[in-house]
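Naming convention: chains lettered A, B, ... in sequence-line order (proteins, then strands); numbering from 1 in each chain. The structure displayed is predicted, hence computed values, not measured ones.
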Amino acid sequence: MSGRARVKARGIARSPSATEVGRTQAAPLPTSVDLSNNEASSSNGFLGTSRISTNDKYGISSGDAGSTSMERGVKNKQDFMDLSICTREKLAHVRDCKTGSSGIPVKLVTNLFNLDFPQDWQLYQYHVTYVPDLASRRLRIALLYSHSELSNKAKAFDGAILFLSQKLEEKVTELSSETQRGETIKMTITLKRELPSSSPVCIQVFNIIFRKILKKLSMYQIGRNFYNPSEPVEIPQHKLSLWPGFAISVSYFESKLLFSADVSYKVLRNETVLEFMTALCRRTGLTCFTQTCEKQLIGLIVLTRYNNRTYSIDDIDWSVKPTHTFQKRDGTEITYVDYYKQQYDITVSDLNQPMLVSLLKRKRNDNSEARLAHLIPELCFLTGLTDQATSDFQLMKAVAEKTRLPPSGRQQRLARLVDNIQRNTNARFELETWGLHFGSQISLTGRVVPSEKILMQDHICQPVSAADWSKDVRTCKILNARSLNTWLILCSDRTEYVAESFLNCLRRVAGSMGFNVDYPKIIKVQENPAAFVRAVQQYVDPDVQLVMCILPSNQKTYYDSIKKYLSSDCPVPSQCVLARTLNKQGMMMSIATKIAMQMTCKLGGELWAVEIPLKSLMVVGIDVCKDALSKDVMVVGCVASVNPGITRWFSRCILQRTMTDVADCLKVFMTGALNKWYKYNHDLPARIVVYRAGVGDGQLKTLVEYEVPQLLSSVAESSSNTSSRLSVIVVRKKCMPRFFTEMNRTVQNPPIGTVVDSEATRNEWYDFYLISQVACRGTVSPTYYNVIYDDNGLKPDHMQRLTFKLCHLYYNWPGIVSVPAPCQYAHKLTFLVAQSIHKEPSLELANHLFYL
Amino acid sequence: MASGHTPQRPLPDAKPTPRSREPRGTELGAPWDSRGPRPTVRAHEVGEPREEAQAQCSSVVDGNFEEVPRETAIQFKPPLYRQRYQFVKNLVDQHEPKKVADLGCGDTSLLRLLKVNPCIELLVGVDINEDKLRWRGDSLAPFMGDFLKPRDLNLTIILYHGSVVERDSRLLGFDLITCIELIEHLDSGDLARFPEVVFGYLSPSMIVISTPNSEFNPLFPSVTLRDSDHKFEWTRMEFQTWALYVANRYDYSVEFTGVGEPPAGAENVGYCTQIGIFQKNGGRATEACVSEQHDQHVYKAVFTTSYPSLQQERFFKLVLVNEVSQQVESLRVSHLPRRKEQDGEQGDKPKDIGGSKAPVPCFGPVFTEVEKAKIENSPKPFCVGDKFFVPLQRLLAYPRLNRLCANEEMMRSVIADSIPLSSDGSAVVTDLCNYFDEQFEF
């Protein structure tokens, strides 16, 4: 999108877009948008589906405040599923010690807290049966809870399984209760298990306890996070409300149980569907209103204000009005207007609005036909940010400004939360009945690995800051650039002038970086997307090296249609830039420099390198996300380095339907990448390190059982004698821990290159955190690495440093990025395909970073 | 569509068998048959009770406590407990009490039904079973939508753990106290103390008491008492005698009605649930007499929640700022220069295309002639360069904003730090074009 070029040119990070996949890597640049990483928990009834989901970056879609602990339990189970995959025990070289030792030690404060309980603390799991059996979970709970035997005991009960922190006297306890109808119900409570505090089940119960506690602090639960609705932050220009709150969890870290809390914001929209429709109708006019409206609304999640439920909009029924009647469950007919008046005392004011149609989720064990619900737009609030909203730079900037918190602010909020938990009598009572005690904040020691030198063509540069070395290398020649001789510029009449002046500037800066740019053919085009595509089709021939389009507007169709044509139909590298960007006063030089760099890369050039001690190493980045149009399609992006200097890349993007297909296509990709390597280096790489991003909760097992073997077999098959050694590392940008350094009585972000490989890590994994980005005004988030397979046998020190080095190699930004460059490339590629192209780009472009 | 409130109060009423259907109530005399004293309230509108036997039970879908009845069961439709709640709700609609307490509120179902009522500002539940109060108490907390679209008036909901025969001064001065299916659970000692506390001490403007009508019981198979915890079940005569005595003693007037009409042929047994509506003679309790009482706090507050409302500055501001932004936005969009063909009548007037076959969207605010004139006569929005101005006076002409805000000065002071204003503060300023406009060029 043309906006991107502008943003990049300014060196301002684009906020991670909500359209990006849940856990994949977002913006590369030093940014910190402190929004929640709330799970897309709206999928209440669809548990067991893949955790990859679109708009969960902002935790907005959810709002399933009505879901029960049981349903949430399943979500938790997915986390525990990951924890039960003990990969470290298979890695001999780190079995005893997975910590590194190089670098300068640094004292860090975390957002983790000790949870203390007696040494012999146990949880007792009981099973409760009812005779005669009761179908209603509510009734089961009510009967048990009202029994004097169990009152005043700390208990958690879901209708069948009962957890107590104190053992009942008997192994089997028989109780009887009477329903209010006078029926006697016998309840049998049987002890099933005694669980030590380290058991995954216990951790689940601890999480339930803490949810109860936060509710007692008058916080509002949405998904798994808790928000304070009485202190909203408003952004009226964009009709948004932000609720401050926390993401909390209790889990077992390296050696003990810890409570973690991180500040999170819930983005809510102060806009009903009716208001949205009315505004849309004004914009579009009548002719294309219904069509546009359906396109905009179908698939969105709405919140009904009267009963706090969320529904997805599956259709809009333009023929039904609020004055029409529907049949209630008891068979009587009633108008929608009367129904809402009677049931909720709500007066529907607009009697002409159409109805939203939602396919109701089926209850578990319910095989009956799915039911439809009609919803009144006036009573439905929009939730989540649309793709359009997240691509609105102004909107995202406003959100980021309101939610950005420096480390000190974050620390203050944490302190206040802990204080509240400890002061609130109800909360403390809850903790005490369970025998728990809230302990101190964890401090630990991290290490800062040495900074990296940037290798240019005839110069080795030690940047002042790894965050941005554009100034340090301004006068240096880039490593390798291909001359640009035959190329086109497409622009409209209005933008011709600015195109000319930009071209002059571009040629000047390109020349100084060692990139020869000849004069292009300039083609004037009418200002509409179709005209641009027609011009591209007409003028692009096999000799054209690159097409530059100066777009008159931000409208997505321009960018999408041009990229689609030039990425797959007629594979030629393209560069889009917004006319408005080129009009910026005093910015021309830096914009031209930025664009010149991108163009070099798109032609197959190399910008800079870092020192890589391993001589025959291929690094691979993999990312997965969902296609923006067809949500069941997964876009898999794979990028592999093809030279020992790690400056040239082979990139491929494949569309798949299921997770096993993903594993299969990785094999296809690896084989291709190894062939490429062989072609350039006349040998196979001795080592391969794969960084896998886009992994959702609960997917670790699939990775270990399918993807790793597929990668291994493709490596083994490509060579008859010695095969390359392989490491696979899961990369996650979203993780609970945060780290701060204490300085002058306040806390700050830790320095770039800080590694944490103890205490906040997990005992069953070979994992570490690395801080490889800068947050100027916010709090930096560490990136989490989990080495799930490793027969390279690199020492933890080396693995950490290699990872750090790779964070310097993303050519779209002259500075360090939050994930290793191959991951960032893979992310950029999947984003382009998922958002704009929607099909596999041509393999002819695979040797160029055409997607930058 | 599923209702948000899932009732849980059990339906103690069971099924008549055909043989027990002959009316046995002759000795009770005529005055209490179903054509007896007609209630002043609309009890007959509440349910459609004359349901067929074998009616399908809807309780399963509701997920409430009722088990699926045996095949021959007569079902009240809607279920009787719902008829009782609806009865109270109708009463609240009619009398618009500000402070309402439900004694013996159980799992708070009735409170959940009443909390949507805009007139109530204090809603209190009292029950002796603390676990039950805690168990569902959370569900009385405000919804997300209550924050996005706050009520007009404050609402506080408090649940107390305590007995109805204990005096707690926090329940003084109420407009309505309901005791739904409560008194039959009181033993004789408590029953004797009950009027003294509720009528004598709490002395609200209105009291509603419902209790089973034992004359209906013969219609049920082998039922002596409808619930094993019932200490008694009264005939109409017994209830009314008690009620009239109490009313007389504490200076209330009482009217009798009920819900759950008897099946055809058994009309003379009266309603399944009998209800007494007590109104204090001499109108509402005065605030003065409330403050004279000494504070006496014996109940334990188990749960307290307050709802956001327009009476709270923060939420008032939120709503006003949003409404202003929205109005400005809709005016702005209708001022946008159109690059494409002007497709007919556009702008802020909802289109009106009648008679066409295809459903044509036609919505948006509808104004009365008076409102239209008021808007027309107010200062018009205007453009200066790429900025768009909407005078505050114009905004105040729109009914939705006018409802919130009385005058320009007030509007200015509330929105000033959230919305950019012109230098003299008389108009809202915004960019004429924004990002979204480009996305909708066709």
(message) Report which part of A:Ser230 has an atom under 4.5 Å of a heavy atom belonging to chain B: side chain, backbone, both, or neither.
(response) both
(message) For A:Glu378, which atoms come within 4.5 Å of any heavy atom of chain B: side chain, backbone, both, or neither?
(response) neither
Check whether [X] gets within reach of chain A through its side chain, its backbone, both or neither, counting any heavy atom under 4.5 Å.
{"X": "B:Pro420", "answer": "side chain"}
{"X": "B:Asn129", "answer": "side chain"}
{"X": "B:Lys317", "answer": "neither"}

(request) Supply the atom-to-atom distance A:His374 NE2 to A:Phe326 CZ, rounded to the nearest 0.5 angstrom. (result)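 With rounding to 0.5 Å, NE2 (A:His374) is 10.5 Å from CZ (A:Phe326).
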(request) Report the residues that fulfil side chain to side chain contact (heavy atoms under 4.5 Å, CB included) with A:Ala398, sequence neighbours left out, ordered by chain and then residue number. (result) A:Ile235, A:His238
(message) Here's one to test your reading of the geometry: is the NZ or CZ of B:Lys115 within 45 degrees of the ring axis of B:Phe143 and under 6.0 Å from its centre?
(response)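 B:Lys115 over B:Phe143 ring: yes.
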(request) Only counting residues at least two apart or in another chain, list the ones meeting salt bridge (charged side-chain N to carboxylate O under 4.0 Å, His left out) with A:Glu430. (result) A:Lys212, A:Lys216
(request) Please say which of A:Asn270, A:Val273, A:Leu268 ends up in a side-chain contact (heavy atoms from CB on, under 4.5 Å) with A:Leu382. (result)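 That would be A:Val273; it is the only one of A:Asn270, A:Val273, A:Leu268 passing the side-chain contact (heavy atoms from CB on, under 4.5 Å) with A:Leu382.
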